[in-house]
Amino acid sequence: MTASFHPTRHAGNLRVNLLRRHPVAIALVLLLLATAIHPLSPLVDAVTGSVPGDADLDRPILYVMFAPLSNTLDALTFFSMARAEWALAVWVLLLAAWGALRASSESLSKRRVVAGALLGPAVVLVLAIAAVLLPRPVPRLTTADDAGTVIDYHAHTSASHDGRPGWTLAKLADWHARQGFEATYVTDHNVVYDGSLAPPGMSISLLPGVEWSVYRQHVVAIGPVEPLPRDSFGGSTERMVRIFAAIERQGGLSMASLPEYWRNHWDDLGAFVMAGVDGFEIVNCAPKALAFPSQLRREVLTLAGSHDLLVVGASDNHGWGQVTCVWNVSRPGAQGFHTNRVFARPLALLQGDWLPWTAPVTQPWFMLRSLTWSERASWLTWVVIILLYRALPRREGQSAGFGILARSIWRRPRKSACS
């Protein structure tokens, strides 16, 4: 008796087999398609909330080619502290349980079960470390505003007590240049940078500044700043706000930094204005500051707008992490509410609007929604390649490899006969 090959039945069996053996991959494909229906803009004006028409992110080819890794590392970088703790804890527990259950279902030894339980958490740990330390391609801001300068108002070197060891001015400048910055203020903690130590051949301008630590508040001072007796501004809010006038007498500009004015002085912002503060940070990429809620940001914008104060974004880079969440397009030394534009990554701005315990689900969801079409295509390509590679059968004794994938794709199915 001869059994003929039925293409329709074979295709149906293949679909069922794919769903049964690779539910994660199939679910990821469906998510990539679903999140494309209502995507997030890759960039948003943090002042107006609109999508900028004259600014965009230029992604290197390697960034797009390896988009699943690039986007995942960016998403890990843009966590607020509380959301990071929740996400990492839940992901580690779920992956450990899943790995142990899979190993147990295959009747493996206890050692293999333990190894299976540890594999997922180890991958999460490696990705977290990579987000902080791994050099990689990063998006670069491009803008049609020829009159403005792409600038960072708040960044650190190893001169700060919490700066990365070996994080020199040259490395700080290179970090900024790769992301499209043309200038940055160097604002180390309580260490004045006067611009005189800039190494030759810098690709961007390193501008003078400092970040003063005073009573329950950090104050960024930029411009021609000089050392101040910090003890004179400690002990109370009333004494602390005097630092704004002291910075003004030096010819510098003062800005209240996040998260301190939000956490410690929210009811004192009127006193800040009366004492002469020149502006406020409205976006700060530090994990503790990313939790700043959008509603409070709007209140600060209203306050700053009514008093014509500067509002800025700050990378607050300390040498940890490879990518910024915010850029400014401004004129160095400019003053006033309308003199600076703040462009931010939406995934970073969303951190303050969602409860921490939702992070294990919402962070991946918003990451996928923020993909461009080229990034989404890269994700789908990698999923399909891996899915086909794992799903196609191999002959007994034949080693794994992309050669078998290619041969299996192009080989026509043979008719089988049985007697």
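The figures here come from the full heavy-atom set of this structure, side chains too, leaving out hydrogens, waters and symmetry mates.
- Counting heavy atoms from C-beta outward, E281 and V220 have side chains that approach closer than 4.5 Å.
- At least one donor-acceptor pair under 3.5 Å links the side chain of Q250 to the backbone N or O of E226.
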Salt bridge (Lys or Arg N to Asp or Glu O under 4.0 Å) between E260 and R216, worked out
CA-CA 7 Å; E260 290 79 21; R216 306 184 69 197; over 6 Å; no
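- In summary, the aromatic rings of H161 and H318 are positioned with their centroids too far apart to meet the 6.0 Å limit.
- Checked by atom type, the side-chain pair N71/E375 shows a donor-acceptor distance below 3.5 Å.
- Side-chain contact check for S315 and D152: at least one donor-acceptor pair (N or O, by modelled atom type) lies under 3.5 Å.
- Counting only heavy atoms from C-beta outward, the side chains of V47 and F337 approach each other to under 4.5 Å.
- Within a 6.0 Å radius of CG in L30, more than 12 heavy atoms belonging to other residues, nucleotides or ligands are found.
- Counting heavy atoms from C-beta outward, D58 and P139 have side chains that stay 4.5 Å or more apart.
- Between H154 and Y185, the distance from one ring center to the other does not fall under 6.0 angstrom.
- Side-chain contact between P356 and R83: present, with at least one pair of heavy atoms (C-beta onward) separated by less than 4.5 Å.
- If you take CD on Q322 and CD on Q179, they are separated by 8.5 Å, rounding to the nearest 0.5 Å.
- Checking T187 against Y153 by side-chain atom types alone, no donor-acceptor pair falls below 3.5 Å.
- Checked against a 6.0 Å centroid threshold, the rings of F366 and W354 count as neighbours.
- A donor-acceptor pair shorter than 3.5 Å can be found between the side chains of D194 and S196.
- In this structure, CH2 on W167 lies 7.5 Å from CH2 on W175, to the nearest 0.5 angstrom.
- Using a 4.5 Å cut-off on side-chain heavy atoms (C-beta onward), L350 and L40 make contact.
- Applying the salt bridge (charged side-chain N to carboxylate O under 4.0 Å, His left out) definition to pairs two or more places apart or across chains, those involving residues 124-146 are D74-R136.
- Every residue two or more places apart in sequence or in another chain that forms a ring-ring contact (aromatic ring centres under 6.0 Å, His included) with W262 is listed here: F292.
- In this structure, F280 has its ring center closer than 6.0 angstrom to the ring center of Y261.
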Passes side chain to side chain contact (heavy atoms under 4.5 Å, CB included), L73 versus F66? Steps please.
CA-CA 11 Å; L73 296 182; F66 298 99; over 6 Å; no
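- Salt-bridge formation is detected for the pair R341/D54: a Lys NZ or Arg NE/NH1/NH2 atom is positioned less than 4.0 Å from an Asp or Glu carboxylate oxygen.
- Remark: the E211 side chain and the H156 side chain contain an N/O donor-acceptor pair separated by less than 3.5 Å.
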Dump the intermediate steps for salt bridge (Lys or Arg N to Asp or Glu O under 4.0 Å) on R239 and D231, then the final yes or no.
CA-CA 10 Å; R239 287 168 56 88; D231 293 344; over 6 Å; no
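- Between Q217 and N264 there is no side-chain heavy-atom pair separated by less than 4.5 Å.
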Checking side chain to side chain contact (heavy atoms under 4.5 Å, CB included) for the pair L69/L127: CA distance, chi angles, key distance, verdict?
CA-CA 9 Å; L69 178 61; L127 287 174; 4.0 Å; yes
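- D174 places none of its side-chain heavy atoms less than 4.5 Å from the side chain of S203.
- Interatomic distance, N190 CG to S213 OG, rounded to the nearest 0.5 Å: 4.0 Å.
- A side-chain donor from one of R376 and T35 sits under 3.5 Å from a side-chain acceptor of the other.
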